[in-house]
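Because the structure is a prediction, the values reported are computed rather than measured. Counting begins at 1 with the first residue of the sequence.
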Amino acid sequence: MGMITGRLHKSLYTACVLLTLQLLTGCATGPAPQAPQADRNHPGLGIAATLVGSPYQYGGSSPRGFDCSGLVYYAYGKAGIGVPRTTQAQYRQAERVPLTQLHAGDLLFFRLGGEPVAHVGIYAGNDRFIHAPSRGKQVSYDSLNNAYWQTRLLAAGRY
């Protein structure tokens, strides 16, 4: 019994020392940076984030597969925010937001090909957005710093 108790005390002592070192190291480096409050609390964005990795499917609006507007429709709908089903209707009905005043959860509208508004994504903060890009791909994050998306960004809207 004494040998087991000794090992237990040594294990507890080691665990306490390691925990103390982790806490001190964490304090020395400061708290981890956090997203702005709006970034963490938008319900549609939170639901969309859980869908990253879902397959793209033209006309899809369920976890079995999404197109861009179907992702917005599904995520916002699950969050209790009613939005139209198509990209063009989402664009028409959204309250316009200057690109300099984006909040996480705002919708980003893109011009692709010859169509005036052909793609939509959900702004996630820090110049990133979630979208269902195209056939053969999955729901994913992308960057507004990417030249492809920068040159095609048309407008932002809020629901």
Engineer: Can you confirm if the NZ or CZ of R128 lies within 45° of the ring axis of Y141 and under 6.0 Å from the centre of its six-membered ring?
Structural biologist: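 Yes, R128 sits over the ring of Y141.
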Engineer: Should Y148 and L112 count as side-chain neighbours, where that means a heavy-atom distance under 4.5 Å?
Structural biologist: yes
Engineer: Is a side-chain N or O of S69 found less than 3.5 angstrom from the main chain of R85, in a donor-acceptor match?
Structural biologist: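 Yes.
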Engineer: Out of curiosity, does V52 fall in the hydrophobic cluster containing Y74 (side-chain heavy atoms, cut-off under 4.5 Å, transitive links)?
Structural biologist: yes
Engineer: Working to the nearest 0.5 Å, report the span between SG of C68 and OH of Y58.
Structural biologist: 9.5 Å
Engineer: Might you work through the side chain to side chain contact (heavy atoms under 4.5 Å, CB included) test for Q138 and S54, ending with a clear yes or no?
Structural biologist: CA-CA 5 Å; Q138 298 176 333; S54 298; over 6 Å; no
Engineer: For A94 and G157, which heavy atoms make the closest approach, and how far apart are they?
Structural biologist: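 Looks like CB-CA, 3.7 Å.
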Engineer: Could you check L153, L144, L107, L102 and say which one makes a side chain to side chain contact (heavy atoms under 4.5 Å, CB included) with F129?
Structural biologist: L144
Engineer: Assess the residue pair H119 and T87 against the criterion (side chain to side chain contact (heavy atoms under 4.5 Å, CB included)); give the C-alpha distance rounded to whole Å, side-chain angles, the decisive distance to 0.1 Å, and a yes or no.
Structural biologist: CA-CA 6 Å; H119 189 68; T87 302; 5.7 Å; no
Engineer: Applying side chain to side chain contact (heavy atoms under 4.5 Å, CB included) to Y91 and L154, what does each step give before you reach the verdict?
Structural biologist: CA-CA 10 Å; Y91 175 74; L154 175 67; 4.1 Å; yes
Engineer: Kindly say whether V120 contributes a backbone atom to a donor-acceptor pair with the side chain of Q90 at under 3.5 angstrom?
Structural biologist: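 Checking the backbone N and O of V120 against the side chain of Q90, no donor-acceptor pair under 3.5 Å is found.
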Engineer: Under a 3.5 Å distance rule, please check whether D106 uses its side chain to pair with a backbone N or O of H103 as donor and acceptor.
Structural biologist: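 It does hold such a pair.
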Engineer: Run the side chain to side chain contact (heavy atoms under 4.5 Å, CB included) check on W149 and L108 step by step: do they pass?
Structural biologist: CA-CA 10 Å; W149 295 113; L108 301 173; over 6 Å; no
Engineer: If hydrophobic clusters are built by linking Ile, Leu, Val, Met, Phe, Trp and Tyr wherever their side-chain heavy atoms come under 4.5 Å apart, do V72 and V117 end up in the same one?
Structural biologist: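 Yes, same cluster.
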Engineer: Give me the atom names and distance for the closest heavy-atom approach of S140 to P133.
Structural biologist: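 Where S140 meets P133 most closely, the heavy atoms are OG-CG, 3.8 Å.
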Engineer: Would the H42 and Y159 ring centres measure less than 6.0 Å apart?
Structural biologist: no
Engineer: Do L51 and L45 belong together in a cluster built from hydrophobic side chains that touch within less than 4.5 Å?
Structural biologist: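 Yes, because L51 and L45 connect within a single hydrophobic cluster, where side-chain heavy atoms sit under 4.5 Å apart.
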Engineer: Counting only heavy atoms from other residues, nucleotides and ligands, does the tally under 6.0 Å from CZ of R96 exceed 12?
Structural biologist: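 Buried by this count: over 12 neighbours within 6.0 Å.
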Engineer: Using every non-hydrogen atom in the two residues, find where G105 and I122 come nearest and quote the distance to one decimal.
Structural biologist: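 Nearest pair, atom of G105 first, then I122: CA-CG2, 3.9 Å.
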Engineer: Is a side-chain donor or acceptor of Q93 paired with a backbone partner of V83 at a separation under 3.5 angstrom?
Structural biologist: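 No, because the side chain of Q93 does not come within donor-acceptor range (under 3.5 Å) of the backbone of V83.
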Engineer: Of the non-hydrogen atoms in A155 and L99, which two are nearest, and what is the gap between them?
Structural biologist: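 Looking at all heavy atoms of both residues, the shortest contact is C-CD2, 4.1 Å.
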Engineer: Identify whether NZ of Lys or CZ of Arg in R152 sits under 6.0 Å from the centre of the six-membered ring of F109 and within 45° of that ring's axis.
Structural biologist: no
Engineer: If I compare all heavy atoms of I130 with all of A48, which pair ends up nearest, and what's the gap?
Structural biologist: CD1-C, 4.1 Å
Engineer: Indicate yes or no for a side-chain donor-acceptor contact from Y123 to the backbone of D127 under 3.5 Å, with no hydrogens or angles considered.
Structural biologist: yes
Engineer: Minimum heavy-atom separation for Q101 and R158, please, with both atom names.
Structural biologist: O-NH2, 3.2 Å
